[in-house]
J.: 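Please find one structure pasted underneath; my questions will follow.
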Amino acid sequence: QVQLVESGGGLVQAGGSLRLSCATSGLIFSTYTMAWFRQAPGKEREFVAAIPKNGGNTYYADSVKGRFTISRDNTKNTVYLQMNSLKPEDTAFYYCAATSIWWGLPRGTHEYSHWGQGTQVTVSS
């Protein structure tokens, strides 16, 4: 039913850029807060960025502020993550997620109900 499909991952040198996309289907996209999480080997999945249903008041993990930008296109049911000035520590499997929670600033994995399968981002030094 509900599907979130990430794309755009790959291998890039430190300082480079990548743009991730998450195409969704099976949900009323415009009613969901969308987010990106990432998980590196041996580590827990961590919050990266989120954008409310109206596209305003985006919020980010401190580690990516000023470098990453999350955006959404409700006409295409798609959320994006523009990643600039990439660092080796950004290397991880990146996941797209959706939640119907409209209060607060959800950033916990348990607060998100729908997940994509992820896309690998590898940043070389």
J.: To the nearest 0.5 Å, tell me how far T58 OG1 sits from F68 CZ.
T.: 14.0 Å
J.: Kindly compute the distance separating CG (L27) from CG (N77), expressed to the nearest 0.5 Å.
T.: 7.5 Å
J.: List the atom of A50, the atom of P106, and the distance in Å for their closest heavy-atom pair.
T.: CB-O, 4.4 Å
J.: For Y59 together with F47, are the ring centres under 6.0 Å from each other?
T.: yes
J.: I'd like to know if M83 and V12 are part of one continuous hydrophobic network [Ile/Leu/Val/Met/Phe/Trp/Tyr, side-chain heavy atoms within less than 4.5 Å].
T.: yes
J.: What disulfide bond (SG atoms under 2.5 Å apart) pairs are there with at least one residue in residues 6-58, not counting sequence neighbours?
T.: C22-C96
J.: Check side chain to side chain donor-acceptor pair (under 3.5 Å) between S125 and all other residues, then give those that pass, not counting sequence neighbours.
T.: none
J.: Mind checking whether M34 and L4 have side chains closer than 4.5 Å, heavy atoms only?
T.: yes
J.: Checking Y94 against L81 for the side chain to side chain contact (heavy atoms under 4.5 Å, CB included) test, could you report, in this order, the C-alpha distance in whole Å, the side-chain angles of both residues, the deciding distance, and whether it holds?
T.: CA-CA 10 Å; Y94 283 70; L81 185 68; 4.2 Å; yes
J.: Got a sec, which residues hit side-chain contact (heavy atoms from CB on, under 4.5 Å) with I28, two or more places apart in sequence or on another chain?
T.: S30, T31
J.: E111 versus S100: any side-chain heavy-atom pair under 4.5 Å?
T.: no
J.: Just by modelled atom types, is the Q82 backbone N or O under 3.5 Å from a matching donor or acceptor in the T69 side chain?
T.: no
J.: With a cut-off of under 6.0 Å to the ring centre and 45° to the axis, is R72 in cation-pi contact with F29?
T.: yes
J.: Given side chains that start at C-beta, do those of Y95 and Q39 come closer than 4.5 Å, heavy atoms only?
T.: yes
J.: Tell me, please, which residues at least two apart from V5 pass side-chain contact (heavy atoms from CB on, under 4.5 Å).
T.: Q3
J.: With sequence neighbours left out, write down each residue that passes side-chain contact (heavy atoms from CB on, under 4.5 Å) with T109, or none if nothing qualifies.
T.: F37, R45, W115
J.: Which value, rounded to the nearest 0.5 Å, describes the distance between N54 atom CG and I51 atom CD1?
T.: 8.0 Å
J.: Which atom pair, heavy atoms only, marks the closest approach of A23 to T78?
T.: CA-OG1, 4.0 Å
J.: Are side-chain heavy atoms of V79 and L20 found at a separation under 4.5 Å?
T.: no
J.: Check side chain to side chain donor-acceptor pair (under 3.5 Å) between S17 and all other residues, then give those that pass, not counting sequence neighbours.
T.: N84
J.: For Q120, check side chain to side chain donor-acceptor pair (under 3.5 Å) against everything at least two apart and list the hits.
T.: T122
J.: Going by side-chain contact (heavy atoms from CB on, under 4.5 Å), name the residues that satisfy it together with S7, two or more places apart in sequence or in a different chain.
T.: S21
J.: How many angstroms lie between OG1 in T24 and NZ in K76, if you round to the nearest 0.5 Å?
T.: 13.0 Å
J.: For the residue pair V123 and K87, establish whether any side-chain heavy-atom pair is separated by less than 4.5 Å.
T.: no
J.: Quick test of your reading: applying disulfide bond (SG atoms under 2.5 Å apart), list the pairs with at least one residue in residues 55-85, sequence neighbours left out, ordered by first then second residue.
T.: none
J.: Identify all side-chain donor-acceptor contacts of residues 60-67 below 3.5 Å with residues at least two apart in sequence or on another chain.
T.:
from, atom 1, to, atom 2, distance (Å)
Y60, OH, I70, N, 3.0
D62, OD1, K65, NZ, 3.1
S63, OG, R38, NH2, 3.4
R67, NH1, S85, O, 3.0
R67, NH1, D90, OD2, 2.7
R67, NH2, S63, O, 2.9
R67, NH2, D90, OD1, 3.0
R67, NH2, D90, OD2, 3.4

J.: Are L18 and W36 connected in a single hydrophobic cluster, I mean Ile/Leu/Val/Met/Phe/Trp/Tyr linked by side-chain heavy atoms less than 4.5 Å apart?
T.: yes
